[in-house]
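Just so it is clear: chains get the letters A, B, ... in the order the sequence lines come, proteins before strands, and each one is counted from 1. The structure presented is a predicted model; accordingly, all values stated were derived computationally and were not measured.
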Amino acid sequence: MTLSAENVTAIVDKLYQNETLIAKVPKLRAALGLPDSAEWKTLYSSFGVGRVTAHTLLTHIFSEWVEKNGEEANFMEGLTIRQDNNMAVSPPPGLGKLDPGNTMQSELAKYRMRRMEQTWTPSLNSRFRIGQIPEQIQQQISSLPILSVKAELIEAVKKNRVLIVVGEAGSGKSTQIPKYLAEAGLAEAGLIGCTQPRRIAAKSLAERVSVECGTTVGGLIGYVIRFEKCVSADTVIKFMTDGLLVREFILNPNLSGYSILIIDEAHERTKYTDICFGLLRNVLNENPNLKVIISSATLDKERFSAYFDNAPIFTVSGNMFEVEEIYDQFSRDQLSYLSGVVDKVCSVHFNEGPGHILAFLPGQSDIEKASEQILSRTRNLMGSRHLLKMKIVQCYGLLSLERQNEIFKPAEEGYRNVVLATNVAETSLTIPGIRFVVDCGFFKQSEYDPNTGIEELKMKRITQPQATQRKGRAGRTEKGKVYRLYTKSDLISTFPSTGLPEIQRSNLESVVLQLTVMGFKDVFKFQFMDTPRSDAVCEALEKLQDLSALDEEMRLTPMGRQMAQFPLDPSLAKILVSSSKLRCSEEVLIIVSFLSIQNQSLFNQENYQATKDLVKASMHKFSHRSGDQLMYINIYEEWRSAGRSKHWCVQNHLNAQFLEEVQNIKDQLAEMMKGLHLPIVSCGSNTVAVRQAMCAGFFRQLAKRRGQYDYAKYPDSDRVRGSFFIHPSSSMFPVRPVPSFVMYAEMFRTSKMYMKGITIIDPSWVASEAPIYYKKMRALYPNFG
DNA sequence: AGGGTTTTTT
């Protein structure tokens, strides 16, 4: 028997399966310098040394042994492993070909060993077993409802390829399931991957589970989100966003290296969760070693099961306190929910005992209005009775991180917090200490209209599961109450039972491009759980053709392949790629980085009624006559020359976090461009090249002035009727004379159809930057361009 | 002329 990667791998795997084996092998134990009672697993896990290191170590020890004794057979015998004894274990993930002659590897292993011996020997048991896990956390873990079904759960996962796990909030499924499965030895053949819809959730779950295992993040437990990677060769449980898993499919279509994938929060049905579903269905046929767990709230469990070939459903109870439901006698319309919330918050404050109030409202402006009204109504009464004092806390997505952190600060003594929130507080943020929930029954949601390319913000009735979710926010720590501003019969008979999945109401350009890169030639044959609108798919295909990412036969072009490398919208990727040829990629990198940030605002948006004049003055200082995107460059450069100072940002009403994010994205995009040999060159102050590059992606988004302030789509087609307006938040809004021709980055409908991200361009540039689209348009409109 | 729910990408 000779030393080979497979041999050593098999030994390591064997050791993993039987952790005490090593202690029983005197020769090996002596070689490792372990005390008699030591256990192999304890050794590696206490220092976060994983399989690969163990592997290297063994290789090293083995070769030293052979060198000294010249007998391989004895060594192997000492391990009591025979070749016939199930040696065909697959190698650990990420190992690749082992090089026994790699001195660096073995030296590093020896170094780690020495360090280990110094610190570890005296307190082996207390270090990993219990000592590392604080008493309080141990208690929390052991009181989770899921613990009572641990054994059954592990059995069910062992028996099935796909399992649907249904559990209420507080069951502990997100943190405990991956841990249980790893403990049960189900991660032997590969990683356990867990997806989450949000970056914060992926990160904080990794941190929490690490604490529960007495390790630090990036060792046994790690996470990967866009632009942030915290895993190592030792990682067994990996948390990630669902969008990132979709990206991984491109590189690794069979998901080799994973033993189990857990899709968590599946009921939210995000765009990327839905794509993962379709991809996983395929992979289950290709990769027989893979198991899948779909983890969801109670909603729609039968549909999940049916979609995955009638996979069994495993139910876990929750850990919620009772929440009393109080309904209104009549339903309110969209005009009176605001006053309803104000009334209800005040009466709860005046009549109920201690505990914070959480009120759900549809938007930021509602929150600001309600704030004012509640304040003025309670001001006179403050202190006049033995009342609790009240503090109003606003909570919505565009709030800066500092303000969001305020929400988690404990209330001052003698104060009741009234949290006025949008649906960020429904799932993304959990606010502690809430006893009362006031639910207005509405929310806002965007829907994309593929025929016009316009995103519309619609006021909608919440769904029944949403109502349950909102109610649950009052029962996290003790018994609570929910005040619903609608009747019980309306909830049961007129509120929708499910919402529209995101994939059926969003732009599909990037989805179609990604699926094409993965080799799905016919997107219509991809088995979605809910099929996207066919006009949306067609629209995406046509746009990708216009971008020359797909050819006439819908095949991927080299340009399309290049575009798909970037974690950007196809339009933005095209602009970036085109900028190299136009010799303005340095500037366009800045612009694309600004445009790719969606959920933060560049200028301070808080209390905008009070601060808007100051914000406008600051914006005016940076503005550029050619448009918003050129202003971004001004801001970026001045921010850099101010030394990226936070103080400077505050003075100029800019969001420091936004600009740091721009820097981060820009650096990473620059790296990707280098990898693709796309030169990064500056055009200096020649803004023509920059604006031409933007035509390569935004060519469809042109508008021509029609009246005093209103615009018509250019070319004026009957698909998009009505007038467009420059959004008041644009730096071009106050510009006189009103520009006669503009290109916009974004279009959405609220009270009007608004264009945002305005650039002044020359329509003749479309001919060179988007030749395919130009030809099509010329055939229909002879004067186009 | 006058203001947007929420997420996310090797």
Side-chain angles (χ1 to χ4, degrees), chain A residues 195-202 224-229 240-252 265 268-273 275-276 360-368 395-398 421-429 442-447 455-460 462 466 499 502 505-506 510-511 513-514 517-518 563-570 572-573 596-601 603 605 608-609 612 615-616 665 668-669 671-672 675 707-711 723-730 732-736 738 746-752 754-756:
Chain A
T195 73
Q196 291 290 324
R198 281 168 292 278
R199 292 161 53 99
I200 294 198
V224 186
I225 55 184
R226 181 168 80 145
F227 298 140
E228 225 178 297
K229 202 170 191 171
M240 62 188 130
T241 49
D242 47 15
L244 205 121
L245 183 62
V246 173
R247 282 267 152 192
E248 280 199 11
F249 272 104
I250 298 178
L251 267 195
N252 181 8
E265 312 290 1
E268 288 192 29
R269 300 292 307 278
T270 68
K271 191 158 74 173
Y272 291 108
T273 294
I275 298 166
C276 286
F360 286 102
L361 283 158
Q364 179 181 347
S365 62
D366 295 311
I367 288 172
E368 284 173 358
C395 177
Y396 46 86
L398 278 179
T422 60
N423 44 358
V424 254
E426 224 174 74
T427 48
S428 308
L429 297 176
F442 288 101
F443 77 120
K444 282 184 187 171
Q445 190 173 53
S446 85
E447 264 178 45
E455 217 173 277
E456 187 170 359
L457 255 191
K458 285 184 175 165
M459 182 78 83
K460 290 186 159 182
I462 58 169
Q466 252 179 309
E502 193 185 359
R505 53 180 172 82
S506 55
S510 62
V511 170
L513 182 61
Q514 281 183 7
V517 170
M518 283 182 229
M563 284 163 54
Q565 305 279 309
F566 292 96
L568 295 169
D569 265 356
L572 288 179
S596 69
I597 299 178
Q598 295 284 336
N599 54 352
Q600 288 182 64
S601 58
F603 284 94
Q605 293 284 304
Y608 99 92
Q609 280 299 342
K612 65 177 181 184
V615 172
K616 296 223 152 160
I665 294 175
Q668 309 231 16
L669 292 177
E671 278 305 306
M672 292 176 188
Q708 196 183 1
Y709 297 112
D710 61 320
Y711 287 78
S723 297
F724 297 174
F725 294 85
I726 295 178
H727 194 269
S729 70
S730 166
M732 300 306 279
F733 182 76
V735 169
R736 300 291 176 272
V738 179
E746 226 182 323
M747 157 79 63
F748 58 85
R749 184 208 301 268
T750 48
S751 55
K752 282 182 180 155
Y754 283 114
M755 304 180 282
K756 235 182 108 167

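Residue-level contact check: N599(A) touches the bases, meaning some heavy atom is under 4.0 Å from a base atom. At the heavy-atom level, Y754(A) lies under 4.0 Å from the strands shown only through sugar-phosphate atoms. Using a 4.0 Å heavy-atom criterion, one finds that S751(A) contacts the sugar-phosphate atoms exclusively.
Toward the 5′ end of DNA chain B lies the nearest nucleotide of Q445(A), the other residue of the pair Q445(A) and L244(A) mapping further downstream. Both F725(A) and S428(A) sit near DNA chain B, but only F725(A) has its closest nucleotide nearer the 5' end.
Put simply, the side chain of K756(A) and the base of dG4(B) share a donor and an acceptor less than 3.5 Å apart. A donor and an acceptor atom sit less than 3.5 Å apart, one in the side chain of S446(A) and one in the base of dT5(B). Put simply, the side chain of R226(A) and the base of dT9(B) share no donor and acceptor less than 3.5 Å apart.
Following rounding to the nearest Å, K271(A) (NZ) and dT7(B) (P) show an atom-to-atom distance of 15 Å. Rounded to a whole Å, the CZ atom of R505(A) is 13 Å from the P atom of dT7(B). Rounded to whole angstrom, the span from the CZ atom of F566(A) across to the C1' atom of dT8(B) amounts to 18 Å. Here dG4(B) presents its C1' atom at 15 Å from CZ of R749(A), a figure rounded to the nearest Å. Atoms CE (M240(A)) and P (dT7(B)) sit 21 Å apart, rounded to a whole Å.
A perpendicular orientation is assigned to the rings of H727(A) and Y754(A), their planes being inclined by more than 60° (bins at 30° and 60°).
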Would E447(A) and R505(A) satisfy salt bridge (Lys or Arg N to Asp or Glu O under 4.0 Å), going step by step from the backbone distance to the final call?
CA-CA 5 Å; E447(A) 264 178 45; R505(A) 53 180 172 82; over 6 Å; no
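The phosphate of dT9(B) (OP1 or OP2) has a side-chain N or O of R199(A) nearer than 4.0 angstrom.
Ion pair E502(A)/K271(A) not flagged as a salt bridge, since none of the NZ, NE, NH1 or NH2 atoms sits closer than 4.0 Å to an Asp/Glu carboxylate oxygen.
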